[in-house]
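Data first, discussion second: the structure below is written as structure tokens.
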Number of protein chains: 2
Amino acid sequence: MSYTGLYQSQHLRTACSNCSVSELCLPFGLTGPEIQQLDKLIVQRFKVKKNLALYRTGDPLRSLYAVRIGSFKTNVISVNGREQVTGFQMPGELLGLDAISTEIHGCNAFALEDSEVCPIHFAHLEKLAGELPSLQHNLNKILSREIVRDHDMLMTLGNMNSEERLAAFLLNLSQRLSMRGYSPTHFLLKMRREEIGSYLGLRLETICRSIAHLRDRGLVEISGRDVEIHNLKGLNQLVAGCHRLRLG
Amino acid sequence: MSYTGLYQSQHLRTACSNCSVSELCLPFGLTGPEIQQLDKLIVQRFKVKKNLALYRTGDPLRSLYAVRIGSFKTNVISVNGREQVTGFQMPGELLGLDAISTEIHGCNAFALEDSEVCPIHFAHLEKLAGELPSLQHNLNKILSREIVRDHDMLMTLGNMNSEERLAAFLLNLSQRLSMRGYSPTHFLLKMRREEIGSYLGLRLETICRSIAHLRDRGLVEISGRDVEIHNLKGLNQLVAGCHRLRLG
DNA sequence: CGTGTGTTTGATGAATTTCAAAGCAGGTGG
DNA sequence: CCACCTGCTTTGAAATTCATCAAACACACG
């Protein structure tokens, strides 16, 4: 069995397994005729084989990348050789935003499976943004949203125990997949336990044990990379108290 | 004794205790005549008393704020009432970047001491950025730099023990202060132990004990809020192995 | 000089890491 | 097609770190 889909086995596929150009424009919040402007930037596409780098720390920023097919992880390697995973990206999401500050990539991006991306030449994007206020506005929003996401992650690492972190992680994947039309309750993990652990600030053994705990509570069934969420509500309750209090 | 300075007692002051308008333009990377354009946006200034909020979660985004005098913390309160400090801001730094995504503030900003800020009306800033490509470019960079900072923080929380986290925190303050012309080795903390703990994902008692450990190693002398770094090199070595490996 | 807030230190217990070993799955070559 | 590797996952037992609970202390302020 082979997967062209992502985080989702073929027979479960309920939506497109890849992203069209106009879908790639979605993060930029563009509609109608403006898409055609952005279209001009999203002309190329290329494949990245599993475990190969899309870019590496220190590479100059040429393009941002929109994931079309597959999935990626971004990580930073410390002097003493430890990996810190800073994020996982799936189709329709952007890679490389952190490089804008220095115009040099500050992390590595590796394909977790055979994948395909569309490069978006950054200098051209900025030029186009200068002409299209709504594009500029949305670029600001995209960058800001990334900051919000990171703050949520800080909250996860600062306030949650291992079981809650794993639950929050699974719910996050579930939500992002359902946004793209996939099943929110049944999907495949493309990363190893060790990578999940790095992302969540835990050791891989702790991830295994937390999986076992969630299983014992009857909330999920996870065998290998295959995830089945039995009780979405229960998972949500587990992390509810740790979430951002929304006012206004 | 009263402090108009920030993180720095009066008698130690070696640089300006507040930021002029042109200094506030520094984060935007502008020089020469362009500053005069930005000047038009930075016209007001107002004071925020210690412990009062500059803005709160749920407030609509009207302005970003440049800290002129004093210091702030940003935090998020979770449903179960726990505080997560997401950052500390000192003069010359910007507040409110995370609100751009939703146009609603996603966190609270509190003054840690009597402070003064310059509001930068965001709609006007975006409009001006549309006319000044270099301003737009720098706004992108500022947002991206915030993402990089957050990634470094994820690394701190994911890979370091309590002592290393505290050392990294002190070095970070030291570096930001020295950039502004203050002593990198002698300064005052404006936040409580509990707030440092929240920021570093530790309890306040653990902060106290980590302080004691660093003192026992002869690296620092901290009594109350007064910090004296005796061995900057030693502190750096402590966290060196956990830092980003730079290639290229 | 008392009161309240913030800090320090100690004793204990819980959660997570570390070390170790066994089990499983997928891919490769005989 | 099977056997064997190799890399990944799971589980157990011991060690460690950090959180929790508790109490004393320090300091600023009215």
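Per chain, numbering begins at 1; letters A, B, ... match sequence-line order.
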B/S/- contact track for nucleotides 25-30 of chain D, protein heavy atom under 4.0 Å: ------
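The CD atom of A/Glu113 sits 17 Å away from the C1' atom of D/dC8 (whole-angstrom rounding). Atoms CD (A/Glu194) and P (D/dG7) sit 13 Å apart, rounded to a whole Å. What separates CZ of A/Arg192 from P of D/dT10 is a distance of 14 Å, to the nearest Å. Taking atom CD1 on A/Ile196 and atom C1' on D/dC8, their separation rounds to 12 Å, with Å as the unit. When the C1' atom of D/dC8 is taken as reference, atom CD1 of A/Ile207 falls 14 Å away, rounded to whole Å. Distance CG (B/Leu204) to P (D/dC18): 15 Å, rounded to an integer number of Å.
Within 4.0 Å of A/Gly201, counting heavy atoms only, lie sugar-phosphate atoms of the nucleic acid but no base atom.
For residues 74-91 of chain A, the pairs satisfying salt bridge (Lys or Arg N to Asp or Glu O under 4.0 Å) are A/Lys73-A/Glu83, with sequence neighbours left out. Applying the side-chain hydrogen bond (donor to acceptor under 3.5 Å, both in side chains) test to every pair with at least one member in residues 196-215 of chain B, sequence neighbours left out, gives these pairs: B/Ser162-B/Ser210.
Within the 3.5 Å criterion, the main-chain N or O of A/Cys242 finds no donor-acceptor partner in the side chain of A/Asn159. A/Arg56 contributes no side-chain N or O that, together with a main-chain N or O of A/Cys107, makes up a donor-acceptor pair within less than 3.5 Å. In this structure, A/Ser183 contributes its side chain and A/His186 its backbone to a donor-acceptor pair below 3.5 Å. Proximity of a side-chain donor or acceptor of A/Thr156 to a complementary backbone N or O of A/Leu154 within less than 3.5 Å is not detected.
The overall bend of the helix from C/dC1-D/dG30 to C/dG30-D/dC1, read as the angle between its terminal helix axes built from five base pairs each, is 30° when rounded to 10 degrees.
In this structure, the side chain to side chain contact (heavy atoms under 4.5 Å, CB included) partners of A/Ala109, at least two apart in sequence or on a different chain, are A/Leu54, A/Tyr55, A/Thr74, A/Leu95. With sequence neighbours excluded, the residues that form a side chain to side chain contact (heavy atoms under 4.5 Å, CB included) with B/Ser174 are B/Pro184, B/Phe187, B/Ile229, B/Leu232. Residues passing the side chain to side chain contact (heavy atoms under 4.5 Å, CB included) test with B/Arg62 are B/Pro60, sequence neighbours excluded. Among residues two or more places apart in sequence or in another chain, the ring pair (Phe, Tyr, Trp, His ring centres under 6.0 Å) test is passed with A/His151 by none. Under the salt bridge (Lys or Arg N to Asp or Glu O under 4.0 Å) criterion, A/Lys233 pairs with no residue at all, not counting sequence neighbours.
Shown here is A/Glu194, whose CD atom has no more than 12 heavy atoms of other residues, nucleotides or ligands within 6.0 Å. For CD of B/Gln44, the number of neighbouring non-hydrogen atoms (other residues, nucleotides, ligands) closer than 6.0 Å is 12 at most. Around CD of B/Glu221, the count of heavy atoms belonging to other residues, nucleotides or ligands within 6.0 Å exceeds 12.
At a threshold of 4.5 Å between non-hydrogen side-chain atoms, the residues A/Phe88 and A/Glu195 count as touching.
Between D/dC8 and A/Arg193, no contact under 4.0 Å exists linking OP1 or OP2 to a side-chain N or O.
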Between the protein and nucleotides 20-22 of chain D, which nitrogen or oxygen pairs are less than 3.5 angstrom apart?
| from | atom 1 | to | atom 2 | distance (Å) |
| --- | --- | --- | --- | --- |
| D/dT20 | OP2 | B/Arg203 | NE | 3.2 |
| D/dT20 | OP2 | B/Arg203 | NH1 | 2.8 |
| D/dT20 | O4 | B/Arg209 | NH2 | 2.9 |
| D/dC21 | N4 | B/Glu205 | OE2 | 3.2 |

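Along DNA chain C, the stretch of nucleotides lying under 4.0 Å from any heavy atom of chain A spans, 5' to 3', C/dT16 to C/dC19.
Using a cutoff of 4.0 Å between basic side-chain nitrogens and carboxylate oxygens, B/Lys50 and B/Asp114 are not scored as salt-bridged.
DNA chain D lies under 4.0 Å from at least one heavy atom of each of the following residues of residues 151-167 of chain B: B/Asn161, B/Ser162.
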